[in-house]
Peer 1: 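Quick one: this structure, given as structure tokens, is what I'll be asking you about.
Labels below follow one simple rule: chain letters A, B, ... track the order of the sequence lines, proteins then strands, and each chain is numbered from 1.
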Amino acid sequence: MENVNSLIQERINKTEKLKAMGVNPYPSGYRPDISISEALDRFGDMEEETLEKESGLYNFAGRIISRRDFGKASFFHIKDRTGRIQAYIRKNKVDDVGFKIFKLMDIGDHIGIKGRLFRTRTGELTVLAEGLVFLGKSLRPLPEKWHGLTDVETRYRQRYVDLIMNDHVKEVFVLRSKIIQSIRKFLVDKDFLEVETPMMQPIPGGATARPFKTFHNALGMDLYLRVAPELYLKRLVVGGLERVFEINRSFRNEGISIKHNPEFTMLEFYMAYATYEDLMVLTEELFTHILMENLGSLVVEYQGMTIDFKPPWPRISLFDALRDTGRVDEKAFHSREDAAKAAMEFQISLLPRDGHGTILTKLFDHLVEPQLNMPTFIIGYPTEVSPLSRRNDQNPDLTDRFELFIGGREIANAFTELNDPIDQKERFQNQVALREAGDQEALFMDQDYVRALEYGMPPTAGEGIGIDRVVMLLSDSPSIRDVILFPHMRSIETGSGDETFEENKDK
RNA sequence: GGGCGUGUAGCUCAGUUGGCAGAGCAGUUGACUCUUAAUCAAUUGGUCGGAGGUUCGAGUCCUCCUACGCCCA
């Protein structure tokens, strides 16, 4: 158990004193009748004389976040979800017991204040307390008032403290929620149906990525956390749900970085009778909608660069983008050997099983992707790296697919869906061969998905958009951890008594 | 997996050439009924991330481990 330090002990002692006075340190049932922002909005601009006449008695509630004590009076600020306001308590305005209770309160405690508003000599709108209710004891001291909490590890591990101390953090997560609402509204207005598909899947699919594995005891079977909802959503299109979308978590058992969290949120949507070209237009429309609704502008400052989202966005083929760098020999586009040679020049690690298309895509990822700051559609992905995409009619080695890059990162991936069950089965077989050759990211054979296609999927296009990355762009956040409330961290040594961990270790 | 950096009081941080572990804020005690980083006086608080080593002596030097950050794979 953790050592109880003197600061916590001091607060426990105060709690005991409150109890001795007959005060419940954790009461329930108190209801504020005005929020802080409401009070500020309604009375903030009022002249002092009007304020005196108009301001009635209100019940406020909030957490004490600062205090300036005098002998028989005190100024302090309280904070609720909507804002912060100053309060003033005077011994002769509340009774002796009330003031004694206040003296036992600390920064961090929750308090209910009955009072009316006035303006101090310095002009700040302030609640003059006529009564107070103790609403909840905080046993741990909050970080310092001036520097606040800056230690990133503590900010992520104890997000609750981060949220108390850093208003900007809360704003990011409010924006995140609003962005998701905008997306939902945009799609619902276009007659898309929101659905939920399995996160625990017997066969993981829909993306080339390493999955997490778990075990269902009652069924006696392995299950995987999904790496994408794709194959289930497309089964629904086969079933006649011609426009579907899902916004939820996917899981990838890969490294953690500034742009990767093991669980992340993705929007995937599928639209029958549409092509990947239609989706480029739709994507521009969607981003315009999100940006105008939440930021009121199509121009965004991100980490010192200015990103202009005004459509149309350039569409460049992957090979052309690679050519345009001028850093890859033309021969690399025509033979695997020369592509491999080019990759070696840039110290890109290759595997013997990597085909020509894979090598060129790796070159693109290395040389082009980080440079694509303005919204850019890259089209013409090799079939080899696109096992679920429809082949291009002119060139079957390429697919009807695009990825969207913004701020040097992949934001979206979309394609006209492969709805030829025979071609799909062959693609799966190629993936299985890669898996057998040791590629842990390769797709599994999914017979049921092939069977679904055999019933006939209408011509369809689908897209996945990384929500976390979109929120990063719109909130000017450098790390994905800044837009995920509880990002993954290594667990701190829990000691030998952690039975839950021991029990699951063998699985 | 590799490289660089960081870890000292509840929080934010100093700590010199290896020589008594510090400051501000918070806390405690006292004064104070218009302050807002309130003020004034006094004062408590430490597994210097962990283990080992070098040394008369280690927060400081060395090795290993650990967590976090950044870069690379």
Peer 1: Give me the distance, rounded to whole Å, that separates B:rG7 from B:rG46 when you measure between the C1' atoms they each carry.
Peer 2: 15 Å

Peer 1: Compare the ring of A:Phe75 with the six-membered ring in the base of B:rU35 and state whether they stack (centres under 5.5 Å, planes under 30°).
Peer 2: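 Stacking is present between B:rU35 and A:Phe75, given that their ring centres fall under 5.5 Å apart and the planes under 30°.
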
Peer 1: Take the protein atom NZ of A:Lys259 and the nucleotide atom P of B:rC70, then report the distance between them rounded to whole Å.
Peer 2: 13 Å

Peer 1: Separation of A:Arg140 atom CZ from B:rG10 atom P, in whole Å?
Peer 2: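 Result: 11 Å.
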
Peer 1: What's the closest nucleotide to the side chain of A:Arg157 if the choices are B:rC70, B:rC68, B:rA73?
Peer 2: B:rC68

Peer 1: Under 4.0 angstrom, heavy atoms only, what part of the nucleic acid is A:Met489 near: base, sugar-phosphate, or nothing?
Peer 2: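 If one applies the 4.0 Å heavy-atom cut-off, A:Met489 turns out to touch the sugar-phosphate alone, with no base involved.
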
Peer 1: Out of the candidates A:Arg140, A:Arg63, A:Lys137, only one should pair with A:Asp106 under the salt bridge (Lys or Arg N to Asp or Glu O under 4.0 Å) rule; please name it.
Peer 2: A:Lys137

Peer 1: Does any nucleotide pair with B:rC64 by Watson-Crick or G-U wobble geometry, both distances under 3.5 Å, and what is it?
Peer 2: B:rG50

Peer 1: Which part of the nucleic acid does A:Ile258 contact within heavy-atom distance under 4.0 Å: base, sugar-phosphate only, or nothing?
Peer 2: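 Sugar-phosphate, no base atom in range.
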
Peer 1: Walk me through it: do A:Lys341 and A:Asp338 pass the test salt bridge (Lys or Arg N to Asp or Glu O under 4.0 Å)?
Peer 2: CA-CA 5 Å; A:Lys341 217 179 287 174; A:Asp338 288 310; 3.6 Å; yes

Peer 1: At 4.0 Å (heavy atoms only), tell me whether A:Arg481 reaches a base, stays on the sugar-phosphate, or touches nothing.
Peer 2: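 A:Arg481: backbone/sugar contact only, no base atoms under 4.0 Å.
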
Peer 1: Just compare B:rG45, B:rC34, B:rC25 and give me whichever is closest to any side-chain atom of A:Lys145.
Peer 2: B:rC25

Peer 1: Taking 4.0 angstrom as the limit, do A:Arg323 and A:Asp320 come out as a salt bridge?
Peer 2: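 Salt bridge present between A:Arg323 and A:Asp320.
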
Peer 1: Which part of the nucleic acid does A:Glu144 contact within heavy-atom distance under 4.0 Å: base, sugar-phosphate only, or nothing?
Peer 2: base

Peer 1: Taking CD1 from A:Ile8 and P from B:rC11, how many angstroms apart are they, rounded to a whole number?
Peer 2: 10 Å

Peer 1: Counting side-chain heavy atoms from C-beta on, which of B:rU12, B:rC68, B:rC34 comes nearest to A:Phe70?
Peer 2: B:rC34

Peer 1: Could you give the CH2-to-P distance, from A:Trp146 to B:rA26, as a whole number of Å?
Peer 2: 13 Å

Peer 1: Do A:Arg159 and A:Phe173 form a cation-pi contact, if we require the NZ or CZ to be under 6.0 Å from the six-membered ring centre and within 45 degrees of the ring's axis?
Peer 2: no

Peer 1: State the pairing partner of B:rG69; accept Watson-Crick or G-U wobble contacts with both distances under 3.5 Å, and report none otherwise.
Peer 2: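 By the stated definition (distances under 3.5 Å), B:rC4 pairs with B:rG69.
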
Peer 1: Rounding to an integer number of Å, can you tell me how far A:Arg490 CZ sits from B:rG1 P?
Peer 2: 8 Å

Peer 1: Side chain of A:Asp151 only, please: which of B:rU28, B:rC34, B:rU12 is the nearest?
Peer 2: B:rU12

Peer 1: Between the base of B:rU35 and the side chain of A:Glu124, is there a donor-acceptor distance below 3.5 Å?
Peer 2: no

Peer 1: So is A:Arg327 actually on top of A:Phe346's ring, under 6.0 Å and inside 45° of the axis?
Peer 2: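 That pair does not qualify as a cation-pi contact.
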
Peer 1: Would you check if the distance from the ring center of A:Tyr381 to the ring center of A:Phe415 is below 6.0 Å?
Peer 2: no

Peer 1: Of all the choices, B:rA73, B:rA38, B:rU28, which nucleotide is nearest to the side chain of A:His366 once you look at every atom?
Peer 2: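 Ranking B:rA73, B:rA38, B:rU28 by closest atom to the A:His366 side chain puts B:rA73 first.
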
Peer 1: Establish whether the base of B:rU35 is bridged to the side chain of A:Thr120 by a donor-acceptor pair shorter than 3.5 Å.
Peer 2: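 Flag set: donor-acceptor pair detected.
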
Peer 1: Over how many whole Å does the gap from A:Lys17 atom NZ to B:rU28 atom P extend?
Peer 2: 9 Å

Peer 1: Going by purine N1 to pyrimidine N3 plus the second Watson-Crick contact, or the G-U wobble pair, all under 3.5 Å, which nucleotide sits opposite B:rG18?
Peer 2: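 For B:rG18, the partner nucleotide comes out as none, under the 3.5 Å rule.
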
Peer 1: In this structure, how many angstroms lie between the P atom of B:rU12 and the CG atom of A:Leu149, rounded?
Peer 2: 6 Å

Peer 1: Base, sugar-phosphate, or nothing: which does A:Gly255 touch, judged by heavy atoms less than 4.0 Å apart?
Peer 2: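 It contacts nothing in the nucleic acid.
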
Peer 1: Taking the basic N atoms (NZ, or NE/NH1/NH2) and the acidic carboxylate oxygens, is any pair closer than 4.0 Å for A:Glu263 and A:Arg249?
Peer 2: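 Salt bridge flag = yes for A:Arg249 with A:Glu263.
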
Peer 1: Which of these nucleotides, B:rC71, B:rU12, B:rC34, is closest to any side-chain atom of A:Thr150?
Peer 2: B:rU12

Peer 1: Rounded to the nearest Å, what distance is computed from the OH atom of residue A:Tyr88 to the P atom of nucleotide B:rA38?
Peer 2: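 Rounded to the whole Å, the gap is 16 Å.
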
Peer 1: Give the nucleotide from the list B:rG10, B:rG69, B:rC34 with an atom nearest to the side chain of A:Phe118.
Peer 2: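 Looking only at heavy atoms from C-beta outward on A:Phe118, the closest nucleotide is B:rC34.
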
Peer 1: Counting only side-chain heavy atoms from C-beta out, which of B:rU12, B:rG27, B:rU33 sits nearest to A:Leu7?
Peer 2: B:rG27

Peer 1: Does the structure show a Watson-Crick or G-U wobble partner for B:rA41, both distances under 3.5 Å? Name it, or say none.
Peer 2: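 Here B:rA41 is engaged in a pair, and the nucleotide opposite it is B:rU29.
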
